[in-house]
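Values in this document were obtained by computation on a predicted structure and should not be read as measured data.
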Amino acid sequence: MTEGTISAAAVGGDTLTRLEQEGEIAADYLEGLLDIADLDGDIDMDVEADRAAVSIVSDTAGRDLQKLVGRDGEVLEALQELTRLAVHRETGDRSRLMLDIAGFRAKKRTELAELGAKAASEVKATGEPVQLDPMTPFERKVVHDAIAAAGLRSESEGEEPQRFVVVLPA
């Protein structure tokens with residue numbers, strides 16, 4: 001084994017350890033939030049695509065957790081930012097942590113992947129670019145990934161909060 005290989009492996013291990021630490025800090029923060037709000041929920045932690053991923057799930061229908069999602073995920077987005085700030089406060093490093101509550105993001109990811117695939121099919125059929133409605137950064141990322149998987153290109157245009165995806169012919 002060469003020294004470069006050892007260093008690369010050590011860096012990979014350090015990254016995983018750092019992301020797991022982010023998840024632990026986020027879980028502690030969110031457990032405190034659930035206690036304050038008197039809501040039931042379990043915290044699941046994982047590392048996905050070089051990010052800490054934390055989910056709040058419930059054995060029940062999760063109706064109470066819907067309060068933490070809000071309309072179109074607005075409360076979820078705010079809680080994600082607060083959780084990232086809590087991680088930053090503890091580690092001093094910027095966090096790219098993803099938060100999901102009651103499966104909202106997982107469901108949204110599936111819907112957006114289908115939207116991206118449909119837009120890609122339309123562009124392939126017509127040869128004309130397709131402009132989608134404004135989306136959050138998370139939503140745009142999922143759509144960009146779906147379009148790339150379909151073999152096409154896409155770009156984000158506009159200014160927040162009206163930034164949108166344009167699907168381009170190959």
Side-chain angles (χ1 to χ4, degrees), residues 4-5 8-9 11-16 18-20 22-23 26-27 30 41-58 61-63 65-85 87-88 93-170:
T5 305
V11 169
D14 289 346
T15 300
L16 181 60
R18 182 180 52 79
L19 293 174
E20 288 172 344
E22 282 187 21
L30 292 165
D42 295 321
I43 310 288
D44 288 340
M45 295 178 295
D46 201 0
V47 174
E48 298 173 0
D50 293 330
R51 301 181 164 205
V54 179
S55 300
I56 302 175
V57 295
S58 177
R63 199 163 271 173
L65 291 182
Q66 291 304 317
K67 296 173 188 173
L68 297 178
V69 172
R71 185 175 51 103
D72 296 326
E74 290 173 341
V75 177
L76 170 58
E77 289 290 332
L79 288 174
Q80 177 174 276
E81 287 307 310
L82 289 172
T83 305
R84 287 177 174 176
L85 286 172
V87 170
H88 181 268
D93 295 325
R94 181 178 174 272
S95 174
R96 296 177 52 233
L97 174 132
M98 289 296 294
L99 175 62
D100 192 5
I101 299 174
F104 177 82
R105 277 201 205 273
K107 180 180 174 197
K108 189 78 167 172
R109 184 176 280 121
T110 301
E111 292 170 359
L112 290 165
E114 291 172 3
L115 174 67
K118 181 178 174 185
S121 293
E122 183 178 337
V123 169
K124 285 178 179 178
T126 66
E128 296 294 317
V130 170
Q131 178 178 317
L132 302 176
D133 291 334
M135 299 177 190
T136 67
F138 161 77
E139 293 169 336
R140 289 193 310 270
K141 168 79 168 96
V142 174
V143 171
H144 284 304
D145 290 347
I147 292 164
L152 295 180
R153 295 181 313 117
S154 59
E155 297 175 353
S156 291
E157 295 183 6
E159 297 294 322
E160 294 292 352
Q162 297 300 312
R163 200 153 165 81
F164 58 90
V165 173
V166 177
V167 184
L168 303 166

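For Glu159, the CD atom sits in a loose shell: 12 or fewer heavy atoms of surrounding residues, nucleotides or ligands are nearer than 6.0 Å.
Contact between Ala120 and Val167 at its shortest, heavy atoms only, is CA-CG1, 4.3 Å. Minimum interatomic distance between Gly23 and Met45 (heavy atoms only, all atoms of both residues): O-SD, 3.0 Å. Nearest heavy atoms, Ala26 versus Leu97: CB-CD1, 3.4 Å. Leu99 and Leu76 make their closest contact through O-CD1, 3.6 Å (heavy atoms, listed as atom of the first residue, atom of the second, distance). Contact detail for Pro129 and Leu168: the closest heavy-atom pair is CB-CD2, 4.2 Å.
For Arg51, there are no salt bridge (charged side-chain N to carboxylate O under 4.0 Å, His left out) partners two or more places apart in sequence or in a different chain. Applying the side chain to side chain contact (heavy atoms under 4.5 Å, CB included) rule to Glu48 yields the partners Asp46, Ala53; only residues at least two apart in sequence or on another chain are considered. Judged as a side chain to side chain contact (heavy atoms under 4.5 Å, CB included), and not counting sequence neighbours, Asp72 has no contacts. Under the side chain to side chain donor-acceptor pair (under 3.5 Å) criterion, Glu122 pairs with no residue at all, not counting sequence neighbours. Glu114 pairs by the side chain to side chain donor-acceptor pair (under 3.5 Å) definition with nothing, not counting sequence neighbours. Every residue meeting the salt bridge (charged side-chain N to carboxylate O under 4.0 Å, His left out) condition with Glu77, not counting sequence neighbours, appears here in chain and number order: Arg105. Under the side chain to side chain donor-acceptor pair (under 3.5 Å) criterion, Thr83 pairs with no residue, sequence neighbours left out. Every residue two or more places apart in sequence or in another chain was checked for a salt bridge (charged side-chain N to carboxylate O under 4.0 Å, His left out) with Arg109, and none qualifies. Partners of Val57 by side chain to side chain contact (heavy atoms under 4.5 Å, CB included), not counting sequence neighbours, listed by chain and number: Asp42, Asp44, Ser55. Scanning for salt bridge (charged side-chain N to carboxylate O under 4.0 Å, His left out) contacts around Glu74 gives Arg71, with sequence neighbours left out. The side chain to side chain contact (heavy atoms under 4.5 Å, CB included) check on Ser156 picks up Arg140, His144, Arg163, Val165, with sequence neighbours excluded.
Within the structure, salt bridge (Lys or Arg N to Asp or Glu O under 4.0 Å) contacts touching residues 142-157 (residues at least two apart or in different chains) are Lys141-Asp145, Arg153-Glu155.
No donor-acceptor pair closer than 3.5 Å links the side chain of Lys108 to the backbone N or O of Phe138.
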